[in-house]
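Data block below; observations after.
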Amino acid sequence: MTSDLASVHDELRTVARDVLGAVRTRTAGSVPAPVEWSVLAELGWLGLEVPEHCAGAGASLGEVAVILQEMGRAATSSSYLGSVVLGVGALNLLGAARERDELLHGIATGGLRVAVVVPTAQAEVASAETPFRVESSGGRFRLDGQASFVPDAIDADRFLVLARDQSGDVVMVVLGRATPGLSVSEQPLLDATRRFGQLRADAVEGAQSALLRFEADPATSVQHLADRGALAIACDSLGLAEAMMEATAAYARVRYQFGRPIGSFQAVKHACADMLVQIEVSRELVGAAIDAMVRNDPDLGIAVSMAKAHVTGAAVGIVGKAMQLHGGIGYTWESGIHTYLKRALLNRSLFGSPRAHRKRLARRYLSVGTNEIAGSRALS
Amino acid sequence: MTSDLASVHDELRTVARDVLGAVRTRTAGSVPAPVEWSVLAELGWLGLEVPEHCAGAGASLGEVAVILQEMGRAATSSSYLGSVVLGVGALNLLGAARERDELLHGIATGGLRVAVVVPTAQAEVASAETPFRVESSGGRFRLDGQASFVPDAIDADRFLVLARDQSGDVVMVVLGRATPGLSVSEQPLLDATRRFGQLRADAVEGAQSALLRFEADPATSVQHLADRGALAIACDSLGLAEAMMEATAAYARVRYQFGRPIGSFQAVKHACADMLVQIEVSRELVGAAIDAMVRNDPDLGIAVSMAKAHVTGAAVGIVGKAMQLHGGIGYTWESGIHTYLKRALLNRSLFGSPRAHRKRLARRYLSVGTNEIAGSRALS
Amino acid sequence: MGVSEEEYVNFQKAWFQELRHAGYAVPHWPREWGGGLTVGQQMVLYQELAAHDAPRLTLAFVAIHHAASTLLAAGTDEQRRRHLPAILDGEIWCQGFSEPEAGSDLASLRTSARRKGDVYVVNGQKLWASGANHADWCLLLARTDPDAPKRHGISYFLMDMHAPGVDVRPIRQATGQSHFCEMFLTDVIIPASQLVGRENAGWQIAQTTLGAERGMVMLELAERLGNAGFKWLLQACVRPTPDGERPIDDSLVADRLAGFETEITALRFLCRRLVERNDEGRGGPADASVVKLYYSELLQRMMGFGADVSGLAAHAELEKPLSSGWESGAWVLDFIGSWEWTIPAGTSEIQRNIIGERGLGLPREPGVQ
Amino acid sequence: MGVSEEEYVNFQKAWFQELRHAGYAVPHWPREWGGGLTVGQQMVLYQELAAHDAPRLTLAFVAIHHAASTLLAAGTDEQRRRHLPAILDGEIWCQGFSEPEAGSDLASLRTSARRKGDVYVVNGQKLWASGANHADWCLLLARTDPDAPKRHGISYFLMDMHAPGVDVRPIRQATGQSHFCEMFLTDVIIPASQLVGRENAGWQIAQTTLGAERGMVMLELAERLGNAGFKWLLQACVRPTPDGERPIDDSLVADRLAGFETEITALRFLCRRLVERNDEGRGGPADASVVKLYYSELLQRMMGFGADVSGLAAHAELEKPLSSGWESGAWVLDFIGSWEWTIPAGTSEIQRNIIGERGLGLPREPGVQ
């Protein structure tokens, strides 16, 4: 990373920490209020990856990742995952086209929110069953299928549904909210900072122009999108783990028991030290995966799986320990630690469990000669 | 357990701790000298499970287990595993016969040492390949095959070789040390308290009378023997873990750093507490497996696998922590902790790794309805 | 939460009476007071209750366990006659031990009880009083000698929750439920006849009754974990996920299950041994802590594994079934709820101190009493 | 051990000269003294050395790392000119820090150095001096002011190991080897010109040079673990066991391997970042401890897994290949040897104290300086 870019990130981080932190602080108790969408638009965070000719900043995932990490840190409630991470990400994978550019413009300027209907339960989606089928004939299409755990579906104005067409390729179907045959219902989860939905398409029909195609190989594109999702979640988990480490260390410095600050006891001190080690490790893995994605490294899937597997697992451990070290207070609703624990747990399951991502990594051990693996992750 | 039996065990334990502890203390530095075989004979420990009419005590594995645990505690070097655990165990599985009774008598009185050639690397041996083949014709047999990691082969006067005959059944072939075609070589291991050998039979011939048959189903008998081995090793690991916990706690009470006994620091105290918890847990599992074997419970394999998997794994952790908490001293040869670590590590691998034993346990989840499993280990 | 507080209380009270009439409500009490089952019989009872998914007695918990064992061990005859039959008739109890500044360091509690004639006047604030909003009586620790060393000035009282000056406010927990309460005590009058044991001997009474008590409680919880908890976990692993695979077919999942089954088996033996040793007067000084620590961390690991294996679906389980106890199959909630075991009644860190010091004779930290 | 001490020393010295002439012996030194590779270049070098299984420079280790960084940071010009070229010519160094009563509590060391005119007279006993039996020089910490607070009365010396009064005895380690020594110092004379930095400033010098130093060492060790160590572990898992099965086909084994690969990857990035931050003067106060702790515990877990997966066969590997470093594929020995990382140079427990206190601002234990 150049030092110019590093200072851009530092600035972005400072602003994001202020803005999102303030929302979190204002939020009564631990019930998270969503951050205003218009604020995100004004700050330019929605269009970071949108090309400049579509009113975006033409920046990269590197900048989006800064926002994501800060959103994790503040346990922010927003549609950023649906519209920006997945929405802009998916649209950028299409060939340039008027429909696409209009959608990107709408997202960047804050007028439009989208939800992408892509599998969110698996690490590897390219080979998985696609739950939607689309058939075209005579300039019209017909879509059928259903999906659960669709991020930010409730607040979306448009849906970008990945569906398999007659030839077996995955294409993107763009649907308005009021499309006949399309039903969307909220799917409440324990993590109250996120909003998911169930979506069902029963013989939804539309004009062929709403059916967009990926620029590159569709299977690769879909997997790339899932990897974006996984990486975004890893950023989120890193941020929330940092917040919990800092909160725990701060509490341990001031909470007295037995006439001493509890942070002077090794049981507490060493647990905090382990948090710091895990966070340092997590930062490296997340940073490497972001770099790989920005460079569009052919091995980016490896870097993403390493980050997703390790960081989302470690974050659950860190938040759990934070709850433990806060004692009774940590277990109250009011302390808000439960908010982080539920979010960390959901992150662990979203876009493939740690186990699923390690399975993906381990497949290389079977199919590749041992010499090829060692050193494959050589540093640039 | 009746309180009579409990007091017999207490007495046996006291004597064993004295005798074996003294040998350990006499042994210069950490190089273990074998305990005198004649001493074991005089104390009556060799014939505990030998029927009374063969000069034995007609007692049970419950008493042998007391000795095994104390041998682990003192990291005793002896041929007890080969002659008593496996030897007497194997012979007791045969129908009563003159040859068998003579062998049992020889072991009980200390005049004869045997080695049993049974697979020592696996948890489940019934279905495994038998590395020896025996063919009979005209009142003679011919034996071929080879085996590694045969416990106490070097000091054995007779070998009890498990081999598969023409009909596919496993039988026991009794061979003298000097049998033509039989070669035995020492197989040095890092654990210097144990002596293993490699054994090879090239067209070994003998009279049919040296070929003995199990009283019950041969496959069941062989598995029973492997389970005896696994349980004996679990007893050993429990004993050595206890010794390491006590040594570490004793050291932590007297070693001062930073002006305090190191046992007053939570990092040390909590690690010792975890040792105690693991040992309490291990005691229960070992005790349950011994009970199951003494009662010849149909579920004894489950109890043994639970004990072997958990206890031998936990013991490695306990000895490793003991080395860590002893600091530099613990890493010296002279401290002798390495002796325990090597023995604990070998125990983990002998008669099936923890992974292999859990695999055996887990097979029930696939083949049995869920209702049947829960509660299957109800306590008597 | 789907069930109202009122429904919960009514259900628990009815279920208690049902068990009572069957003779199963207080099996661990002495025969003369309505119990009298042997340890072995209790285990069978708890196995059966768990196997049939019978609700646990959560509302009566403190009454039948902590209150009863305190009264039996340290109460006067009059106190026993007053309360033990009343508990059987449905009297609900809570525990007033912790305070905002006295969590792990319980002995530093500040709630004061000043003697005035034949009553005590109590002022202070208590925290984490489970079920206090439904309780009739409270086991209260309060300082009667502010000048004595920390542990030597504390007394043990039976406090009427309906007495003037007792103000209870529920605290919402991480799981969303509100089983715990804050308690504000303002000039509450407790007759001296409701003192348990000697004045200023409260710390010792609390320590011994809690230790002895723990075995009984654990016996039930271990059987519950072994019979209901493991069964549900196994079912979660055998059920196909949305992509059609069964977790159990992953040998890593099968390995973890075998590990849990092994640990639960050990726990069950351990609990039985603890109760038996206690009955024989051979209990070790760290026994109760060993079992509490092991159970709570095993519970936490198991529930965490359940949440992991169940994937996204477990996050859509927004409430636990009525009175299910600690493991219910709603794994994410169960996992979060497991901190209710690793934090209260002596955190895992405090348990490890106790085990190291009482079990292995390791020295205390200098300056910490 | 299959290789004699003499063979080992001769081999190491020859290999050092070979690397030196290729320009690879001291890549981390400043260009003027014979080094000058960038961090990136060093990583590539270490990757190549590891990929080709090249022996590590174990004998010259203290000389090229600790001695050099101390001299560069705190030595006089004369001291540098005297020793840095000599190290390139083969001068061997050891470290005399620990003592029998000063292990984790290093600052409590008792070896005394009394000034007499322009020399110091040294008496005391040192422990865990790696390679002292082959060393020409020693980095010595000794107490010059017995009345000052613990850390303020210590000075840092360069001691000639051939001086009269230096008595070295090897200590046999858990692995059977004898790399460590005891050192008895009786009236050893050290000229005042061999004092490093100010008198009584030794503790500070040792702390800063050790911290800065650690990154360099870790850079090599992390690349070794990533390139040679992981490859051998993978090979051990792909090799069929006697019963014909390959460990890797057990999905649990494959999962563990993927976890290790991930952790090693993170470690390698972390080491690079540490060195870069240090070079830019932005190093954090706990950086070195984070890396040392993570490396040593990862090494221990990996070697333990290697021993487990390799089964009985690993117990018949009685020695490690010549100069193989910490991971050699003789897994049981490698595992035992891993305590040489979690104990010396600040145990893992001490590292966690440092990380908590310096990295997170947590308070020290009362009464512990």
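The sequence lines fix the lettering, A, B, ..., with proteins before strands; numbering per chain opens at 1.
- Most heavy-atom pairs under 4.5 Å with chain A: of the set D:G356, D:A51, D:P366, D:S289, this distinction falls to D:P366.
- The environment of A:E11 atom CD is sparse: at most 12 non-hydrogen atoms of other residues, nucleotides or ligands sit within 6.0 angstrom.
- The side-chain heavy atoms of A:M245 and D:L360, taken from C-beta on, include a pair separated by under 4.5 Å.
- Contact annotation for D:L267: neither backbone nor side-chain heavy atoms come within less than 4.5 Å of a heavy atom of chain A.
- Within residues 261-275 of chain A, the residues having any heavy atom closer than 4.5 Å to a heavy atom of chain D are A:P261, A:G263, A:S264, A:Q266, A:K269, A:H270, A:C272, A:A273, A:D274, listed by residue number.
- With contacts defined as side-chain heavy-atom distances shorter than 4.5 Å, the pair A:R283/D:R273 does not qualify.
- Heavy atoms closer than 4.5 Å to chain A are found in both the backbone and the side chain of D:S251.
- Proximity to chain A (any heavy atom under 4.5 Å) is shown, for D:R256, by neither the backbone nor the side chain.
- Interface remark: D:E349 contributes backbone and side-chain atoms alike to the contact with chain A (heavy atom separation under 4.5 Å).
- Between A:L361 and D:L257, the closest side-chain pair of non-hydrogen atoms is not below 4.5 Å.
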Determine whether A:R253 and D:L362 satisfy the following criterion, side-chain contact (heavy atoms from CB on, under 4.5 Å), listing intermediate values before the conclusion. CA-CA 6 Å; A:R253 286 191 290 264; D:L362 296 176; 3.9 Å; yes
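- The CG atom of D:D255 lies 4.0 Å from the CZ atom of A:R358; values are rounded to the nearest 0.5 Å.
- In this structure, D:E261 and A:R364 have side chains that are in contact, with non-hydrogen atoms separated by less than 4.5 Å.
- D:R352 CZ to A:L276 CG: the interatomic distance, rounded to the nearest 0.5 Å, is 11.5 Å.
- In this structure, A:L366 and D:R246 have side chains that are in contact, with non-hydrogen atoms separated by less than 4.5 Å.
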